[in-house]
Amino acid sequence: MKTEDDRLRILIVEDEPLIRFIFTRVFSEIAETKTAESAEQALEEIGTQHYDLCFLDYNLPGMNGLDALKIIKEKSKKTKVVIMSGRYFD
């Protein structure tokens, strides 16, 4: 049986609350999930905890996802990062 320490750790970096909620719901049964609303919050989190996987929005307020990716890879070389970008209309 897997323990809490063995669970996959996923960081979801997204400024849209609905998308954060959906990703959290989808992955919460198989992984420990944490969310961040900005690249800056994500970098603070990566500095304190290892994440196996990071879903990173490209279009974030402040620092964009591509700039954040460079720093994430410096801080946590083993973290796999998926950059997301989407455009939708009301």
Heavy-atom closest pair (Ser85 atom, Tyr58 atom, distance to 0.1 Å) is CB-CB, 4.1 Å

To the nearest 0.5 Å, atom CD1 of Ile46 lies from atom CD1 of Ile71 at 11.0 Å

Between Ala39 and Met63, the two heavy atoms sitting closest are CB-O, 3.6 Å

dist Arg25:CZ -> Arg20:CZ (nearest 0.5 Å) comes out at 15.5 Å

For the hydrophobic clusters of this structure (ILVMFWY residues joined by side-chain heavy atoms under 4.5 Å, transitively), does one cluster hold both Ile19 and Leu11? no

Next on the checklist: With a 4.0 Å cut-off on N to O distance, would you call Glu32 and Arg7 a salt bridge?
Outcome noted: no

Exercise for the section: Report yes if the side chains of Thr79 and Leu53 come closer than 4.5 Å at any heavy-atom pair, otherwise no. Expected result: no

Output for pair (Ile30 CD1, Leu8 CG), nearest 0.5 Å, gives 6.5 Å

d(Lys80 NZ, Ile72 CD1) to nearest 0.5 Å is 13.5 Å

Only residue of Phe23, Phe27, Phe55 satisfying side-chain contact (heavy atoms from CB on, under 4.5 Å) with Thr33 is Phe27

- prompt: So Ser38 and Leu60, side chain to side chain contact (heavy atoms under 4.5 Å, CB included) or not? Walk me through it.
  reply: CA-CA 6 Å; Ser38 69; Leu60 292 167; 5.7 Å; no

Would Asp52 and His50 count as a side chain to side chain contact (heavy atoms under 4.5 Å, CB included) if you check the C-alpha gap in whole Å, the side-chain angles of each, and the deciding distance to 0.1 Å?
CA-CA 7 Å; Asp52 301 294; His50 168 73; 3.2 Å; yes

For Glu37, is there any backbone N or O sitting under 3.5 Å from a side-chain donor or acceptor partner on Gln41? yes

Rounded to the nearest 0.5 angstrom, the CD-CG distance for Glu14 and Asp57 is 4.0 Å

Taken to the nearest 0.5 Å, the spacing of Thr24 OG1 from Ile10 CD1 works out to 9.5 Å

Apply the test side chain to side chain contact (heavy atoms under 4.5 Å, CB included) to residues Val82 and Leu56: give CA-CA distance (whole Å), side-chain angles for both, the deciding distance (0.1 Å), then the verdict. CA-CA 6 Å; Val82 176; Leu56 178 62; over 6 Å; no

Nearest heavy-atom approach of Glu45 to Lys34 is OE1-CE, 3.5 Å

